[in-house]
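Here's the structure, in structure tokens; my notes come after.
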Amino acid sequence: MKLTLKIWRQKNAQVKGNFETYRMDNVSPEMAFLEMLDSLNKRLVEEDKDPVAFDHDCREGICGSCGMYINGHPHGPVPAITTCHLSMRFFKDGETVWIEPWRAKPFPVIKDLIVDRSAFDKIQIAGGYISVNTGSAPEANNILVPKNVSDEAFNSAICIGCGACVAACKNASAMLFVSARISQFALLPQGRIEAKARVRAMVDKMDEVGFGSCSNTGACEAECPKQIKLTNIARMNREFYKAF
Amino acid sequence: MGKLNSKIPEGPLAQKWTSYKASVKLVNPANKKKLEIIVIGTGLSGAGASSALGELGYSVKTFCYQDSPRRAHSVAAQGGINAAKNYQSDGDSIYRLFYDMIKGGDFRAREANVYRAAEVSNQVIDHYTALGVPFARDYGGTLNTRSFGGVQVSRTFYSSGQTGQQCLLGTYSSLNRQIKQGNVKMFPRREMLDLVLIDGKARGIIARNLITGEIERHAAHAVVLATGGYGTIYYLSTLAVNSNASAAWKAHKKGAFFANPSFVQIHPTCVPQLNEFQAKLTLMSESLRNDGRVWVPKTKGDKRPANAIPEEERDYYLERRYPTFGNLVPRDVASRAAKERCDAGYGLGETGLAVNLDFKDAIKKQGKKAIENKYGNLFEMYKNITGIDSYEEPMRIYPAGHYTMGGLWVDYELMTTIPGLYAIGEANFSDHGANRLGASSLMQTSGDGYFILPNTVSNYLSNEIRVPNISTDSPEFAETEKEVVERLKKLISIKGKKTASSFHKRLGKIMWDYCGMIRNEEGLKKALVLIKELKDEFWRDLKVTGEYTELNQELEKAGRVADYFEVTELLVTDALNRKESCGAHFREEYQTPDGEAKRNDEEYAYVAAWEYAGEDNPHILHKEELKFEEVEMKVRSYK
Ligand SMILES: Cc1cc2nc3c(=O)[nH]c(=O)nc-3n(C[C@H](O)[C@H](O)[C@H](O)COP(=O)(O)OP(=O)(O)OC[C@H]3O[C@@H](n4cnc5c(N)ncnc54)[C@H](O)[C@@H]3O)c2cc1C
Ligand code: SF4
Ligand code: FES
């Protein structure tokens with residue numbers, strides 16, 4: 001396949017960025033999207049040019065490192081997958097592909113396609129845990145959890161912290177991400193004990209670090225690679241009102 | 001041999017850990033705050049240790065190269081985590097778990113360590129459950145288990161196909177709690193580039209800030225390496241692309257012995273390579289072998305689509321060769337059997353490097369819904385990558401580099417041969433012998449981090465309470481920093497023509513061809529020559545763009561690849577030295593008439609611990625004899 005890439009290049013946070021055009025003559029449909037970028041980078045290095053910087057690690061859709069806007073969609077046009085799982089099969093010969101970093105004020109660009117997502121960690125540090133010291137846990141089967149509840153907690157717990165929900169949202173809201181964690185703990189008996197303090201601490205921190213509010217557009221759910229549901233946001237709101 | 005003291009406590013096996021804990025020296029709570037500990041790595045072992053040490057009151061500084069500790073590669077573990085809970089009343093016990101690991105490791109692990117890993121496994125499950133890890137449950141609300149990887153009891157706890165992610169996010173949450181309380185300070189996007197020794201003790205590290213390029217000095221009373229495995233030496237592996245050997249290797253060059261480097265596990269069920277730019281191989285959980293049947297066509301070069309090949313023309317080679325364990329034989333056995341068929345010309349597809357994993361019969365028997373419940377996310381992942389629907393046709397799989405049993409040599413306290421330097425998790429060599437059983441790494445890394453290391457460090461640190469906070473202004477820090485910077489400059493100044501990745505790929509191929517699933521003397525000797533040639537070419541013709549004083553991913557890669565050349569030389573040397581087949585280490589010259597591994601307990605029942613002796617000198621071999629007091633060494637048979 002032949003492709004034209006329009007990639008956002010930005011040397012660092014201080015300078016302005018712009019789109020550069022790269023022509024790719026030999027893209028195999030069996031390549032993964034990031035492998036296509038690897039092959040571009042190999043060429044750039046060989047030509048003594050600065051390769052495109054992007055975050056990535058596991059390359060199997062689970063660590064949440066990767067993420068970029070591809071043709072206007074976080075993680076690209078295919079639903080429910082991460083950028084590293086996007087296959088070049090989904091692109092057509094001759095296509096022009098636009099590649100940009102997450103665009104959201106709380107996620108400043110570090111270089112090219114790399115953004116700073118440490119605001120996510122700050123919210124988790126504020127209260128995303130159950131307070132139990134090592135060695136003090138009761139026998140695991142002493143607290144029974146109904147299977148459907150445990151399964152539901154799991155469905156919230158699979159968020160990979162990639163930030164696509166924030167990038168997709170016109171208000172740069174982190175509600176889907178935060179509510180997934182709050183839901184996981186609110187559902188489980190182990191997490192109920194601190195539920196009130198947790199939801200207040202995490203929501204406060206979310207506002208403090210600059211994420212916007214939710215206007216129920218649902219773009220986050222549509223773009224989330226792990227299909228985290230909007231019902232988590234509703235649960236978080238309920239938990240928040242109950243917490244006062 | 002005098003140099004190795006494994007410090008195994010006296011007394012009966014089942015009492016050793018209890019009596020160790022009862023007599024270990026402790027640090028007074030008021031003194032703990034004054035003691036600083038550096039932890040490198042935030043996988044289950046590193047983040048677990050950081051949490052537990054923080055809870056105890058030590059001042060912890062934790063580092064990882066990712067942008068967040070939540071992304072350490074433990075996150076990718078799929079299948080599950082073992083514990084000896086015996087919830088199923090199927091005859092399980094701490095002893096049986098211990099025995100299975102010793103046997104699975106082909107009698108090349110240390111009894112006392114393995115027993116302790118099994119012993120703390122139950123506490124690990126209790127702790128994760130209390131942290132809110134949503135393990136799978138039964139309808140009555142109790143925890144569920146499944147059987148996994150070459151054992152006959154059901155002891156594997158799991159969260160669908162995402163157990164590692166769930167355990168790691170639980171551990172990330174306990175780490176966050178300690179960060180909030182001020183006991184742990186987190187340093188993400190840092191790469192440890194060297195270890196600093198003062199008077200022979202580990203006293204700090206030199207790290208590079210991966211965003212600014214700044215070179216940083218960090219001091220502590222003790223340093224813990226929890227940096228994971230080095231399976232990326234094969235280039236294509238199931239590890240994260242940035243996983244590396246550098247931290248452990250730098251420590252090795254400063255005096256930490258490296259044990260059993262050639263014990264590398266090749267995982268049998270991975271998605272085969274699809275294109276030449278492929279950067280990694282994706283694991284398809286071993287749990288799939290509970291229901292999938294492995295086969296190749298009975299006729300060489302039969303290229304018909306799988307569904308067009310009638311039943312009687314299929315060779316279910318695992319069921320044929322191993323009637324008792326069938327498709328559930330351990331990983332090393334399954335991997336070699338796949339290679340054997342493919343090398344003999346029965347492999348699938350263009351490359352001939354793939355076998356079928358077929359769910360047709362399971363779907364017929366249990367229904368599509370049941371299979372979807374168990375493996376839905378794996379089938380989806382496979383379809384994303386290959387475009388193939390495995391409910392309709394078999395998956396294609398092939399072995400890939402996966403896990404390193406070898407690692408830094410540690411004693412019973414998990415301390416390396418450098419005083420004050422510890423190694424935990426996959427980074428040490430200790431519990432899996434020559435082959436690791438499924439779901440026992442999450443168990444061991446968690447046990448090391450949460451329950452073992454926090455109990456053993458006090459034995460060392462109780463003697464350090466009079467040492468004031470260590471300054472980073474000492475000549476030792478300055479000297480080590482200078483070496484680090486010189487090397488970074490050297491990598492950039494070569495200005496050759498080839499990228500670091502291109503060298504990595506070529507090195508990976510040498511290792512895969514000559515030091516992979518099957519090894520022989522001639523091939524290993526050839527590998528040593530090829531590695532040396534490629535290493536020389538690397539230092540002549542490498543190209544790294546940019547500077548070291550800025551974000552520079554090419555430089556990061558180059559530094560890691562430079563270390564791989566040295567790691568692989570030692571790995572091959574170790575493989576040459578071990579003139580026997582055991583576990584994952586299969587030497588063609590040493591096999592039984594029916595092609596199974598042939599151990600040599602007379603001469604090789606030892607841990608090979610290698611000492612670095614300088615750039616131009618061969619490594620020095622130290623042997624830790626393995627004494628089996630509890631179990632009898634048997635031939636490991638899965639027939
Ligand atoms: C795909 C896959 C599936 C698996 N499935 C299972 C399973 O089902 N059950 C099971 O028991 N085991 C499984 N394993 C094995 C198991 O996941 C690992 O052995 C284990 O998680 C390793 O944990 P760790 O804490 O030792 O290291 P890791 O989780 O690998 O963490 C290493 C850490 O070290 C840091 N680091 C490394 N080098 C540096 C440096 N130089 N400077 C700073 N930081 C550094 C990294 O940032 C990271 O935080 C699987 C492994 C893989 C690859
Ligand atoms: S909610 Fe979805 S999109 Fe948002 S961080 Fe989690 S996985 Fe990513
Ligand atoms: S690289 Fe880990 S999710 Fe994409």
Side-chain angles (χ1 to χ4, degrees), chain A residues 28 30-31 34-35 38-39 42 45-46 48-51 53 55-65 81 85 87 89 110-111 114 116-118 120-121 124-126 128-135 137-141 143-147 150 153-154 157-158 161 184-185 188 190-191, chain B residues 51-52 55 66-68 70-71 73 75-76 87 123 125-127 129-132 134 137-143 159-160 162 165-166 169 172-174 176-177 179-180 188 211 240-242 274-275 277-280 282 381 384-385 387 450-451 454 497 499 501-502 543 545-546 551 553-554:
Chain A
S28 146
E30 295 201 319
M31 278 180 172
L34 295 183
E35 286 158 10
D38 289 339
S39 73
K42 177 166 188 280
V45 173
E46 283 165 0
D48 241 339
K49 297 189 182 123
D50 195 24
D55 266 330
H56 64 97
D57 202 22
C58 74
R59 301 244 183 156
E60 54 176 290
I62 194 75
C63 74
S65 293
I81 55 173
H85 262 170
S87 164
R89 272 198 315 282
I110 292 174
K111 183 179 180 185
I114 299 182
D116 178 356
R117 287 172 292 195
S118 57
F120 265 12
D121 289 313
Q124 297 291 350
I125 291 167
Y129 49 77
I130 293 172
S131 300
V132 53
N133 277 354
T134 308
E139 208 307 311
N141 264 347
I143 301 174
L144 300 180
V145 184
K147 178 170 162 41
S150 169
F154 172 79
I158 59 174
Q184 175 196 350
F185 290 141
L188 296 169
Q190 289 88 347
Chain B
S51 305
E55 289 159 15
Q66 293 92 347
D67 68 328
S68 165
R70 65 180 290 154
R71 310 199 200 284
H73 200 51
V75 79
Y87 282 160
Q123 276 176 290
I125 297 302
D126 294 343
H127 189 57
T129 306
L131 284 173
R137 287 181 184 264
D138 215 333
Y139 287 97
T142 53
L143 293 174
S159 289
S160 184
Q162 280 145 264
Q165 182 202 25
Q166 292 311 312
L169 293 183
Y172 167 68
S173 72
S174 63
N176 283 335
R177 178 167 162 254
I179 294 174
K180 187 175 181 191
I211 298 298
V241 172
N242 302 306
L274 298 169
N275 74 79
F277 271 98
Q278 194 148 339
K280 82 159 268 161
T282 300
M381 181 147 97
N384 279 333
I385 298 170
Y450 275 114
F451 292 100
K497 285 192 283 302
T499 62
S501 292
S502 73
K543 177 159 197 170
T545 49
L551 189 155
Q553 294 177 319
E554 284 301 305

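Computed from heavy atoms alone, side chains included, the values below leave out hydrogens, waters and symmetry copies. Everything numeric in this text was worked out from a predicted model, so none of it was measured. So that the names make sense, note that chain A is the first sequence line, chain B the second, and so on, each numbered from 1.
- For B/Gln66, the part sitting under 4.5 Å from any heavy atom of chain A is the side chain, from C-beta outward, and nothing else.
- Among B/Tyr87, B/Tyr139, B/Phe451, B/Tyr450, the residue making the largest number of heavy-atom pairs under 4.5 Å with chain A is B/Tyr87.
- Using a 4.5 Å cut-off between heavy atoms, A/Phe185 touches chain B through its side chain atoms alone.
- Here the side chains of B/Tyr172 and B/Ser68 are in contact, with some heavy-atom distance below 4.5 Å.
- Atom CD1 of residue A/Ile110 and atom CG of residue A/Asp116 lie 4.5 Å apart, to the nearest 0.5 angstrom.
- The contact between A/Ser87 and chain B is made entirely by side chain atoms (from C-beta outward), counting heavy-atom distances below 4.5 Å.
- For chain B, the nearby parts of A/Lys42 are the backbone and the side chain; heavy atoms of each come within less than 4.5 Å.
- Residue B/Ile211 touches chain A through its side chain alone, counting heavy-atom pairs closer than 4.5 Å.
- With a 4.5 angstrom heavy-atom cutoff, A/Gln184 touches chain B only via side-chain atoms.
- Looking only at side-chain heavy atoms (C-beta outward), B/Gln165 and A/Ile62 come within less than 4.5 Å of each other.
- Of the listed residues A/Gly61, A/Ala53, A/Ser118, the one with more heavy-atom pairs under 4.5 angstrom with chain B than any other is A/Ala53.
- A 4.5 Å side-chain heavy-atom check between B/Arg177 and B/Ser173 finds every atom pair outside the cut-off.
- With a 4.5 Å cut-off on non-hydrogen atoms, B/His127 touches chain A through its backbone and its side chain both.
- Looking at B/Arg71, its side chain does come within 3.5 Å of a backbone N or O of A/Gly161 through a donor-acceptor pair.
- Across A/Gln190, A/Glu60, A/Lys49, the residue that shares the most heavy-atom pairs under 4.5 angstrom with chain B is A/Glu60.
- Note: B/Arg137 leads B/Gln553, B/Arg137, B/Gln278 in heavy-atom pairs under 4.5 Å with chain A.
- Residue B/Asp67 touches chain A through both its backbone and its side chain, counting heavy-atom pairs closer than 4.5 Å.
- No side-chain heavy atom of B/His73 sits less than 4.5 Å from a side-chain heavy atom of A/Asp57.
- Heavy-atom pairs under 4.5 Å with chain B peak, among A/Lys111, A/Arg117, A/Glu46, at A/Arg117.
- Using a distance-only test at 3.5 Å, with no hydrogens or angles considered, a donor-acceptor pair links the side chain of B/Asp126 to the main chain of A/Ala140.
- Listed for the B/Lys180 side chain is a donor-acceptor partner under 3.5 Å among the backbone atoms of A/Ala126.
- Looking at heavy atoms from C-beta onward, A/Ser39 lies in side-chain contact with A/Met31 at the 4.5 angstrom threshold.
- Side-chain atoms of B/Ser159 do not come within 3.5 Å of backbone N or O of B/Gln162 as any donor-acceptor pair.
- Most heavy-atom pairs under 4.5 Å with chain A, from the set B/Asn242, B/Thr129, B/Thr499, B/Ile125: that is B/Asn242.
- Interface residue A/Arg89: only side-chain heavy atoms are found under 4.5 Å from chain B.
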Verdict with supporting geometry, B/Thr142 and A/Asn141, side-chain hydrogen bond (donor to acceptor under 3.5 Å, both in side chains): CA-CA 6 Å; B/Thr142 53; A/Asn141 264 347; 4.8 Å; no

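- Residues B/Ile385 and A/His85 are in side-chain contact: their nearest non-hydrogen atoms beyond the backbone lie under 4.5 Å apart.
- Interface check for chain A: of the options B/Lys497, B/Gln123, B/Glu554, the most heavy-atom pairs under 4.5 Å are formed by B/Glu554.
- Comparing B/Ala279, B/Ser501, B/Gly140 by heavy-atom pairs within less than 4.5 Å of chain A, the highest count is held by B/Ala279.
- Of the listed residues (A/Gly135, A/Pro51, A/Gly191, A/Gly64), the greatest number of heavy-atom pairs within a distance under 4.5 Å of chain B belongs to A/Gly64.
- In terms of heavy-atom pairs under 4.5 angstrom with chain B, the leader among A/Ile130, A/Leu144, A/Ile125 is A/Ile125.
- No other option in A/Asp38, A/Val145, A/Val132 has as many heavy-atom pairs under 4.5 Å with chain B as A/Val145.
- Among all heavy-atom pairs drawn from B/Asn275 and A/Ser28, the shortest one is CB-OG, 4.4 Å.
- The part of A/Ile143 that comes within reach of chain B is its backbone (N, CA, C, O), which places non-hydrogen atoms under 4.5 angstrom from that chain.
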